[in-house]
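What follows is a short report on a single structure.
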Amino acid sequence: MCGRFSLGKDVDEIIDELGFDDTAGMEDYLPNFNVAPTVVTPVLVHEKRQRVLSMRWGLIPSWARDSKAGARLINARCETLTGKPSFRSLVGRRHCVAIAEGYYEWKRYGRSKTPYFIRPSSRRLLFMAGLWDLWDGPDQERPVQSFTIITRPPLDEFAAIHDRMPAVLSPERAARWLDTASFSRDDCTRFLQAEDTMALEAYPVSTLVNSVRNNSPACTEPVGPVRN
DNA sequence: CCAGACGTTGTT
DNA sequence: GTCTGG
DNA sequence: CCAGACGTTGTT
DNA sequence: GTCTGG
């Protein structure tokens, strides 16, 4: 699955890599090596054109009575996406792509757990398919924008770490996912489960990352061998 | 018809 | 909002 | 995902 | 154990 990720690059690096020429949508951005659910973080959307919106991680459905309801909707299974009340209306309409340098996964060893960091071997940005929604809170002037990250069965190389992984998208496939106007709802699950061309590497990291209070480059530093 | 749920993960 | 259960 | 809290009353 | 907060 995906319950934590890192985005520690500077705003200029990110904007440059995305190919944008301004920082719209990232005015409040701060590098964060330990992005956790409920945190506001930049994601890509396509509304007439591609752009960045900063959203809360953890989808709050538009009909939710309170914002707590969505606190646990941090992931959506690609196999069941089109059937679930919280997600089905967003498929083909509100696609987004979470921007990260890599994601964390805790591998279980009996009673203990070791965090791993998984990132593109190229060290370019990692894109993860998602869905987003708008929620009109009772006292909110503006609707709350929130998103969920789609998960899938793992690629063979990562099956030993965990039995789920985020739906990772190469830049080309990310653009396809975002362009809902030309995206077929029926292809959704197949598209999200396709082999992606983005080569990834995985390695163990310090348990520093366990606590969301720890936000430093040490979170993503290897403490064991890097595996491709 | 109205009421109530609406999610994923991991653990046992 | 929309579906399921009663 | 993990960490941390988990309660009420009255008093300052 | 289970829920909330980050």
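Chain A is the first sequence line, chain B the second, and so forth, proteins listed ahead of strands; every chain is numbered from 1.
Of the candidate nucleotides D:dC2, B:dG7, D:dC1, D:dC2 has the atom nearest to the side chain of A:K113. Set against B:dT9, C:dG1, D:dA3, the side chain of A:W63 has C:dG1 as its closest nucleotide. Residue A:P37 has its side chain nearest to E:dG6 when only E:dG6, B:dG7, D:dC2 are considered. Listed nucleotides C:dC3, D:dC1, B:dC6 differ in distance to A:S86; the shortest reach to its side chain belongs to B:dC6.
Residues A:M1 and A:L126 are members of one and the same hydrophobic cluster, defined by side-chain heavy-atom contacts under 4.5 angstrom among Ile, Leu, Val, Met, Phe, Trp and Tyr.
Distance noted for atom P between D:dC1 and B:dT9: 8 Å (whole Å). Separation of the P atoms belonging to E:dT2 and B:dT12 is 13 Å when rounded to the nearest angstrom. On the P atoms, B:dA5 is 15 Å away from E:dT4, given to the nearest whole Å. Using P as the reference atom, D:dG4 and B:dC6 are 30 Å apart when rounded to the nearest Å. For the P atoms, the distance from E:dG5 to D:dG7 is 12 Å, rounded to whole Å.
For the residue pair A:S146 and A:G58, the shortest heavy atom distance occurs at CB-O, 3.3 Å. Nearest heavy-atom pair, A:Q145 versus A:S54, reported as atom, atom and distance to 0.1 Å: OE1-O, 3.5 Å.
Considering only side-chain N and O atoms, A:R164 lies under 4.0 angstrom from the phosphate OP1 or OP2 of B:dT9. Here A:K84 does not reach the OP1 or OP2 of C:dT2: none of its side-chain N or O atoms lies under 4.0 Å away. Applying the 4.0 Å criterion to OP1 and OP2 of E:dG6, one finds that A:R4 has every side-chain N and O outside that range.
For the pair A:R56 and A:F147, the NZ or CZ position fails the cation-pi test of under 6.0 Å to the six-membered ring centre and within 45 degrees of the ring normal.
Computed from coordinates, the A:I60 CD1 to E:dG6 P distance equals 14 Å when rounded to whole Å. In this structure, the NZ atom of A:K68 is 10 Å from the C1' atom of E:dC3, given to the nearest Å. In this structure, A:R65 atom CZ and C:dG1 atom P are separated by 12 Å, rounded to whole Å. Between A:F87 atom CZ and B:dG7 atom P there is a gap of 7 Å when expressed in whole angstrom units. The distance between atom CG of A:N34 and atom C1' of D:dC2, rounded to the nearest whole Å, is 9 Å. Rounded to whole Å, the distance from CG on A:L73 to P on B:dA5 is 15 Å. Rounded to whole angstrom, the span from the OH atom of A:Y104 across to the P atom of D:dC2 amounts to 14 Å. For the pair A:L208 CG and D:dC2 C1', the interatomic distance rounds to 13 Å; values are reported in whole Å.
No contact: A:N32 has no heavy atom under 4.0 Å from any strand. Within the 4.0 angstrom heavy-atom criterion, no nucleotide atom of any strand lies near A:S62. Among the atoms of the strands shown, only primed sugar atoms or phosphate atoms (P, OP1, OP2) are found under 4.0 Å from some heavy atom of A:T80. Nucleic acid contact class of A:L59 (heavy atoms, under 4.0 Å, all strands): none.
In this structure, C:dG1 forms a base pair with B:dC6, meeting either the Watson-Crick or the G-U wobble geometry with both donor-acceptor distances under 3.5 Å.
A ring-centre distance under 6.0 Å is found for A:F5 and A:W57.
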One pair to check against ring-ring contact (aromatic ring centres under 6.0 Å, His included): A:F183 and A:F191. What are the steps and the verdict?
CA-CA 10 Å; A:F183 194 89; A:F191 175 85; 5.1 Å; yes

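The aromatic ring of A:W106 does not sit over the base of D:dC1, since the test of centres under 5.5 Å and planes under 30° is not met.
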